[in-house]
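Numbers for residues simply follow the sequence, beginning at 1.
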Amino acid sequence: MAMEKSRVLVVGGTGFVGRRVVAASLAAGHPTYVLLRPEIGLDIDKLQMLLAFKARGARLLEASLDDHDGLVAAVRQADVVVSAMSGVHFRSHNLMLQLKLVEAIKDAGNVKRFLPSEFGMDPSRMGDALEPGRVSFDEKMVIRRAIEDANIPHTYVSANCFAAYFCPNLCQMKTLLPPKERVGVYGDGNVKVFFVDENDVGTYAIKSIDDPRTLNKTIYIRPQDNCLTQNELISKWETLTGKSLEKFHIPGDEFLASMKDLDFASQVGIGHYYHIFYEGCLANFEIGDNGAEATQLYPEVQYTRMDEYLKRYI
């Protein structure tokens, strides 16, 4: 007899990660709910995306994060809650609003798994992160403590570097497009980084929600074929295009010095890039007993290799 699929509520379902979680949930056959917040106002693009989800079988639940009773009522219709609220400073930054969601989940009392909005570097390993970028990790740890203090069953997802933001641009800041002539290389360019297709992030996140192996643990998405240095990524692009790029190396102290006089969001980005491409924070540790690796848990998922990802931009 087939086991009944968990009901999934996605909060932040129109965002970069959230829309992919919704798609993965629907594809896996879960009854899927998406929170429709009245604060959407006149954002027609978000509304049309929500209506597209509805047309594909999702149910829209209207509730505001400022209406505790309404939020509790929405949460009670789901078994699993996935938050994908934005945590990036160059767009919206809403991580701390999740405290209201945690309170609603606590009072609802029926949620068997909560995935908060993380999806990047593991904040528990970023205690020595640089200012001002450490704010992202500090806030995520505040949310974690609230979840754990409330004894809410959870899974944390560490998805490393989203390919769309790091791969086609060959890790260059301030652009999403491939360099045409010159490419900046961080340090010697030989630090290992995990690149992950954002659609795969949604797939692995949904895979984890009913898995006892991921209960109260962190899953790290570390596809070994996508464990690349910046030099290796550049080489892949040059092979695909048949064109060599001029490389200029950026020493670490020079890179950090470039933070001066930049706006807050850019300073945050500089700090995060430094930890990734100079310190190697994504690949310089073993996972250990409190975590699991997604591609090993779910070998049936055919994740996207960066060679294939790059071909989209040729």
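With rounding to the nearest 0.5 angstrom, the OH atom of Y313 is 13.5 Å from the CG atom of L240.
When every heavy atom of N284 is checked against every heavy atom of E279, the shortest pair comes out as ND2-O, 3.5 Å. Across every non-hydrogen atom of V34 and A58, the tightest pair is CG2-CB, 4.2 Å. Here the closest non-hydrogen pair linking Y278 and V191 is O-CG2, 4.0 Å. Scanning all heavy atoms of the two residues, the minimum distance from H275 to D128 falls at CE1-O, 4.4 Å. Between I287 and E293, the closest heavy-atom pair is CD1-CB, 3.7 Å. Taking every heavy atom of both residues into account, V201 and I221 meet most closely at CA-CD1, 4.0 Å.
Residue pairs that meet the salt bridge (charged side-chain N to carboxylate O under 4.0 Å, His left out) test with at least one member in residues 157-173, sequence neighbours left out, do not exist here.
The pair R145-D149 does not count as a salt bridge, with every side-chain nitrogen at least 4.0 angstrom from each carboxylate oxygen. Using a 4.0 Å cut-off between charged side-chain N and carboxylate O, D210 and R113 make no salt bridge. With salt bridges taken as basic N to acidic carboxylate O contacts below 4.0 Å, none links R305 and D307.
Counting only heavy atoms from C-beta outward, the side chains of L71 and D107 never approach each other to under 4.5 Å. L170 places a side-chain heavy atom less than 4.5 Å from the side chain of L245. No side-chain heavy atom of Q224 sits under 4.5 Å from any side-chain heavy atom of T295. Between D66 and E39, some side-chain heavy-atom pair lies under the 4.5 Å cut-off.
F114 and L215 fall into different hydrophobic clusters, defined by Ile, Leu, Val, Met, Phe, Trp and Tyr side-chain heavy atoms under 4.5 Å apart, directly or through other members. Cluster annotation: L47 and V22 are assigned to the same hydrophobic cluster (Ile/Leu/Val/Met/Phe/Trp/Tyr, side-chain heavy-atom contacts under 4.5 Å, transitive). Grouping the Ile, Leu, Val, Met, Phe, Trp and Tyr side chains by contacts below 4.5 angstrom, directly or via other members, places L35 with L99. No continuous path of ILVMFWY side-chain contacts below 4.5 Å connects M85 to V268, so the two sit in separate hydrophobic clusters. Linking Ile, Leu, Val, Met, Phe, Trp and Tyr residues whenever their side-chain heavy atoms come within less than 4.5 Å leaves V135 and M141 in two separate clusters.
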Stepwise salt bridge (Lys or Arg N to Asp or Glu O under 4.0 Å) check, E308 with K236: CA-CA 10 Å; E308 294 302 313; K236 286 180 182 294; over 6 Å; no

Pair S208-T214, side chain to side chain donor-acceptor pair (under 3.5 Å): steps then yes or no: CA-CA 6 Å; S208 76; T214 65; 4.5 Å; no

CA sep, side-chain torsions, deciding dist, call: R144, D122, salt bridge (Lys or Arg N to Asp or Glu O under 4.0 Å): CA-CA 11 Å; R144 283 193 181 193; D122 179 357; 3.1 Å; yes

CA sep, side-chain torsions, deciding dist, call: F119, Y204, ring-ring contact (aromatic ring centres under 6.0 Å, His included): CA-CA 11 Å; F119 303 109; Y204 285 120; over 10 Å; no

Worked check of side-chain contact (heavy atoms from CB on, under 4.5 Å) between L61 and R59: CA-CA 6 Å; L61 298 179; R59 181 178 173 188; 3.8 Å; yes

side-chain contact (heavy atoms from CB on, under 4.5 Å) evaluation trace for K247 with V183: CA-CA 5 Å; K247 290 90 175 170; V183 58; 3.8 Å; yes

Step-by-step side-chain contact (heavy atoms from CB on, under 4.5 Å) determination, N190 to N231: CA-CA 6 Å; N190 290 324; N231 286 332; 2.9 Å; yes

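Distance alone, capped at 3.5 Å, is enough to place a donor-acceptor pair between the S158 side chain and the G120 backbone. Side-chain atoms of R134 never come within 3.5 Å of backbone atoms of L130 as a donor-acceptor pair (strictly under, hydrogens ignored). Under a 3.5 Å cut-off, the side chain of E232 and the backbone N or O of T229 do form a donor-acceptor pair. Counting only distance, with no hydrogens or angles, the side chain of Q230 and the backbone of G184 share a donor-acceptor pair below 3.5 Å. Side-chain atoms of T239 come within 3.5 Å of backbone N or O of S235 as a donor-acceptor pair. Looking at Y298, its side chain never comes within 3.5 Å of a backbone N or O of T203 through a donor-acceptor pair. Counting only distance, with no hydrogens or angles, the side chain of Q98 and the backbone of I143 share no donor-acceptor pair below 3.5 Å. The backbone N or O of H154 sits less than 3.5 Å from a side-chain atom of N216, completing a donor-acceptor pair. Judged by distance alone, with hydrogens and angles left aside, the side-chain atoms of E103 form no donor-acceptor pair with the main-chain N or O of H68 at under 3.5 Å. H30 places no side-chain N or O within donor-acceptor distance of the main-chain N or O of K5, the cut-off being under 3.5 Å.
Within a 6.0 Å radius of CD in E286, no more than 12 heavy atoms belonging to other residues, nucleotides or ligands are found. In D263, the CG atom is crowded: over 12 heavy atoms of neighbouring residues, nucleotides or ligands sit closer than 6.0 Å. The number of heavy atoms from other shown groups lying within 6.0 Å of NZ (K192) is above 12.
With V81 as the fixed residue, the side chain to side chain contact (heavy atoms under 4.5 Å, CB included) test singles out one of V8, I105, V10: I105.
Remark: aromatic rings of F195 and Y309 are distant, center separation not under 6.0 Å. Here Y220 and F194 keep their ring centres 6.0 angstrom or further from each other.
Under the 6.0 Å distance and 45° angle rule, R125 does not count as a cation-pi partner of Y156. The cationic atom of R182 (NZ for Lys, CZ for Arg) lies less than 6.0 Å from the six-membered ring centre of F248 and within 45° of the ring axis.
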